Amino acid sequence: MRAPGNEPLSTREREVLALVARGTSNRGIAAELFISEATVKTHLTHIYGKLGVKDRAAAVATAYDRGILGA
């Protein structure tokens, strides 16, 4: 099993995370990216695992801390 943070986020995962950071709901993310809500949830599960977090807020905070989002 890999330690959190060893695997980079995919382009789609970064897109999902950026929308989460803007406060977009799963439904809104699905509509904007033309994917299902189930796919959004799958991307979020992968993001949480890769970042070693348990929720949306922690994912966004960690992504900013690591320079994945913003500058």
Side-chain angles (χ1 to χ4, degrees):
M1 191 173 231
R2 294 182 183 177
N6 286 348
E7 194 173 353
L9 298 181
S10 70
T11 300
R12 182 59 100 184
E13 289 166 347
R14 288 192 307 273
E15 290 172 339
V16 169
L17 189 56
L19 290 168
V20 168
R22 290 194 323 199
T24 310
S25 67
N26 287 0
R27 179 172 287 176
I29 293 168
E32 188 158 334
L33 298 179
F34 302 102
I35 58 178
S36 72
E37 284 186 65
T39 301
V40 172
K41 290 177 184 178
T42 298
H43 285 310
L44 288 171
T45 299
H46 293 163
I47 291 166
Y48 298 164
K50 289 178 179 182
L51 296 179
V53 299
K54 294 184 180 189
D55 60 41
R56 294 166 85 92
V60 170
T62 300
Y64 276 115
D65 286 346
R66 295 186 188 176
I68 297 168
L69 292 174

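The shown structure was predicted, so the numbers you read here are calculated from the model rather than taken from an experiment.
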L69 and A21 have their tightest heavy-atom pair at CD1-CB, 3.8 Å
Rounded distance [0.5 Å steps], OG1 in T62 versus CD1 in I47: 12.0 Å
Distance-only donor-acceptor hits, side chain of residues 29-44, under 3.5 Å, sequence neighbours excluded:
from: E32; atom 1: OE1; to: R22; atom 2: NH2; distance (Å): 3.4
from: E32; atom 1: OE2; to: R22; atom 2: NH2; distance (Å): 3.3
from: S36; atom 1: OG; to: A38; atom 2: N; distance (Å): 3.4
from: S36; atom 1: OG; to: T39; atom 2: N; distance (Å): 3.1
from: S36; atom 1: OG; to: T39; atom 2: OG1; distance (Å): 2.9
from: E37; atom 1: OE2; to: R27; atom 2: NE; distance (Å): 3.4
from: T42; atom 1: OG1; to: A38; atom 2: O; distance (Å): 3.1

Which pair of non-hydrogen atoms, one from I68 and one from L51, has the smallest distance, and what is that distance? CD1-CD2, 3.8 Å
Nearest 0.5 Å, please: how far is OG1 in T45 from NZ in K50? 12.0 Å
Heavy-atom closest pair, residues Y48 and R56: OH-CG, 3.1 Å
State the CD-CD distance between E13 and E7, to the nearest 0.5 angstrom. 7.5 Å
Kindly give the heavy-atom pair with the smallest separation between A63 and L17, and that separation in Å. CB-CD2, 3.4 Å
